Amino acid sequence: MLFIKELKKICFSFVYILFVGLLLFSWNENFYGVTSKEIQASNGTDTSITSQITGGSILAKPEQGAENYGSIKKEVPDKIMCGGTDILIIEYLKNSYATYPFNYYKEVILSTQEQKEILSIIEEITGLSEEQIKNLPEDYFPSVNGNIIHMGGDVSQNQDGSFSFQTGNNDILEDEKDYTKHFIAQVSYERFKELMAKAEEIIGSGSNYSMDMLLEYYGQVEMTYDEAMNEYNKTIYDDKVSTAFARLFCDYMTRVLGLYPIFIVAVFWLKDRRNKMNEIINSKKINTVKLITARTLAILTAVMLPVVILSFESLIPLMGYSADIGIAIDIFAFIKYILWWLLPTVMVVTGLGTFLSILTSTPIAILVQFVWWFIDSAITGLSGDTRLYTLMIRHNTLNGAELIQQDFNIICLNRGIMIIVSFILICLSIVIYNKKRGGKLDYGYFMEKHFGIFKNRLLARFQK
């Protein structure tokens with residue numbers, strides 16, 4: 001009965017309605033309709049969908065002889081050196097370097113001496129002089145170089161408004177290759193990585209020159225038919241289709257669940273103090289363990305219930321797709337991922353909020369959780385970057401099951417640690433709340449116990 005009462009109080013509160021609104025907004029902006037559009041694209045009924053797997057939908061089986069099978073991440077030294085050098089020259093000439101500390105844009109302008117150091121890096125990579133670097137031929141780099149587009153003479157606009165690009169470097173005959181006219185790295189790949197590390201040290205962390213960023217921007221190559229079929233088979237048979245969508249769903253939901261539940265926790269514990277419910281609770285013979293356990297379970301239920309309901313927007317179309325195509329899906333994929341991926345995050349947020357709210361009787365838990373959430377968001381990559389103490393696991397792609405598999409042990413340890421920490425925090429909350437109910441942790445008692453001896457000595461000295 002206590003659990004039901006707590007759940008009702010939470011679900012009919014303004015702060016909970018606000019939480020649900022923010023959850024719906026995030027879901028609508030990021031995930032709503034993704035599954036239906038992928039299914040439509042696989043049937044050829046929606047050609048507006050593009051993906052990094054097939055150029056259409058991850059559910060579409062690649063056809064042999066197709067012009068394009070999409071792209072895949074791969075570390076190709078020539079492409080990475082070409083892209084990294086290109087962006088470094090662009091930023092050097094402007095003396096404007098983009099960095100993203102804590103995932104927020106910051107422009108860095110270097111001193112004259114630092115610019116000279118960057119110039120020496122470029123000169124070593126390209127083998128060119130300062131004058132040549134400032135006057136590069138238009139086709140020195142390809143027209144499309146990773147995320148860089150050079151709007152030169154080899155870019156033409158089609159009748160439908162789209163653009164056609166000719167990658168200049170690919171059209172150069174072997175006997176016409178000249179590193180002074182077209183980019184050819186004059187250093188080894190290992191030396192290039194050393195020079196990029198030096199550039200990042202000069203510019204600052206979060207720049208374009210870490211290997212993670214270089215791989216993200218320039219580590220894309222076109223897939224072969226066999227590679228495309230391998231990705232398709234992983235989605236259909238290894239992931240059983242629904243697991244891929246469950247991962248992406250959890251990726252988007254984790255950002256909300258890593259922060260917003262703290263407001264529910266803090267508000268409801270502080271509400272007792274504001275409404276003078278502590279006196280009523282203390283006067284009743286309500287077991288502390290039952291009280292805190294019931295409220296914690298009520299908060300977890302209230303937070304997770306709308307998440308489970310939203311997952312049906314993706315699961316139901318997948319069940320229909322499975323029946324139409326005859327491909328088996330894992331109908332429990334969403335609930336499994338919600339429980340082992342998202343629930344531990346909500347548990348540790350709830351545990352921390354409960355502990356700090358009971359301990360301090362202030363909303364300090366909101367500030368602490370925001371700092372943790374902000375730092376975790378900034379240092380955790382979008383996929384394949386789980387550490388032991390990562391609050392929010394990220395996997396911002398429909399494919400890439402191998403990233404989860406290779407990090408599976410550390411992910412399990414991470415989730416286990418979050419659960420254990422949440423239990424410890426709840427247990428500490430019970431101990432502290434129980435002492436407060438007994439009057440042993442009020443400020444007057446605390447001051448008298450720990451500082452009373454100094455007061456008595458001081459009074460005795462004055463009396464002498």
Side-chain angles (χ1 to χ4, degrees), residues 2-3 6-7 10 250 253-273 278 281-282 286-304 307 337-377 379-380 386-393 407-442 445-446 450:
L2 184 58
F3 167 76
E6 291 292 327
L7 186 60
I10 292 167
C250 288
M253 291 295 100
T254 194
R255 293 269 297 159
V256 176
L257 299 179
L259 178 62
Y260 296 135
I262 196 69
F263 292 95
I264 300 174
V265 179
V267 164
F268 271 86
W269 281 110
L270 296 177
K271 197 174 183 182
D272 288 345
R273 179 183 176 87
N278 286 338
I281 291 170
N282 292 343
I286 302 174
N287 184 279
T288 302
V289 176
K290 286 184 179 180
L291 175 63
I292 293 181
T293 301
R295 180 165 290 183
T296 300
L297 290 176
I299 291 171
L300 292 176
T301 302
V303 169
M304 298 307 294
V307 177
Y337 269 74
I338 287 170
L339 290 176
W340 78 265
W341 186 307
L342 298 179
L343 182 58
T345 296
V346 180
M347 287 177 67
V348 77
V349 172
T350 303
L352 182 65
T354 301
F355 172 71
L356 290 177
S357 297
I358 290 175
L359 177 66
T360 67
S361 298
T362 70
I364 189 66
I366 295 173
L367 177 61
V368 172
Q369 185 58 43
F370 177 78
V371 171
W372 188 13
W373 176 86
F374 182 80
I375 293 174
D376 193 79
S377 300
I379 66 175
T380 304
T386 304
R387 304 176 182 90
L388 278 179
Y389 302 105
T390 300
L391 173 65
M392 299 171 291
I393 300 175
D407 291 336
F408 187 72
N409 289 336
I410 195 168
I411 289 174
C412 289
L413 282 172
N414 170 278
R415 297 293 85 184
I417 288 172
M418 293 298 117
I419 292 171
I420 291 169
V421 169
S422 67
F423 275 117
I424 292 172
L425 289 169
I426 292 299
C427 289
L428 290 173
S429 301
I430 290 170
V431 172
I432 293 169
Y433 197 69
N434 208 36
K435 286 184 177 293
K436 280 194 169 185
R437 293 179 77 177
K440 295 179 181 179
L441 276 183
D442 59 32
Y445 176 84
F446 181 84
H450 294 281

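Hydrogens, waters and symmetry mates are skipped; everything else that's a heavy atom, side chains included, is used. Note that the coordinates shown come from a computational prediction; the quantities given were computed from them, not determined experimentally. The first residue of the sequence shown is numbered 1, and numbering continues consecutively from there.
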Exercise. Is there a donor-acceptor contact under 3.5 Å from the side chain of N287 to the main chain of K290?
Worked result: yes

For this session: Taking T390 for its side chain and T386 for its backbone only, find out whether a donor-acceptor pair lies under 3.5 Å.
Result: no

Exercise. What heavy-atom pair brings W373 and L391 nearest, and what distance separates the two atoms?
Worked result: CA-CD2, 4.3 Å

Problem set entry | Check: W269 ring centre within less than 6.0 Å of Y433 ring centre | yes

For this session: Could you grab the distance from atom CE of M392 to atom CH2 of W372, nearest 0.5 Å is fine?
Result: 9.5 Å

For this session: Please report the shortest heavy-atom distance between T360 and L356, naming the atom on each side.
Result: OG1-O, 2.7 Å

Problem set entry | Rounded distance (nearest 0.5 Å) linking atom CG of L425 with atom CG of L359 | 11.0 Å

Seminar exercise, completed: Between I262 and G353, the two heavy atoms sitting closest are CD1-CA, 3.4 Å

Exercise. Side-chain contact, heavy-atom cut-off 4.5 Å: P363 with L270?
Worked result: yes

For this session: Quick one: closest heavy-atom pair of S357 and A266, and the distance?
Result: OG-CA, 3.7 Å

For this session: For the residue pair L343 and I338, establish whether any side-chain heavy-atom pair is separated by less than 4.5 Å.
Result: no

For this session: Considering non-hydrogen atoms only, spot the tightest contact between T345 and G258 and give its length.
Result: CG2-CA, 3.8 Å

Exercise. Does the R295 side chain pair with the main chain of F268, one donor and one acceptor, at a distance under 3.5 Å?
Worked result: yes

For this session: State the CD1-CD1 distance between I292 and I426, to the nearest 0.5 angstrom.
Result: 7.0 Å

Exercise. If every non-hydrogen atom of Q369 is compared with every non-hydrogen atom of L352, which pair is closest and at what distance?
Worked result: OE1-CD2, 3.3 Å

For this session: Mind running side-chain contact (heavy atoms from CB on, under 4.5 Å) on I375 and F370 for me, showing each step along the way?
Result: CA-CA 9 Å; I375 293 174; F370 177 78; over 6 Å; no

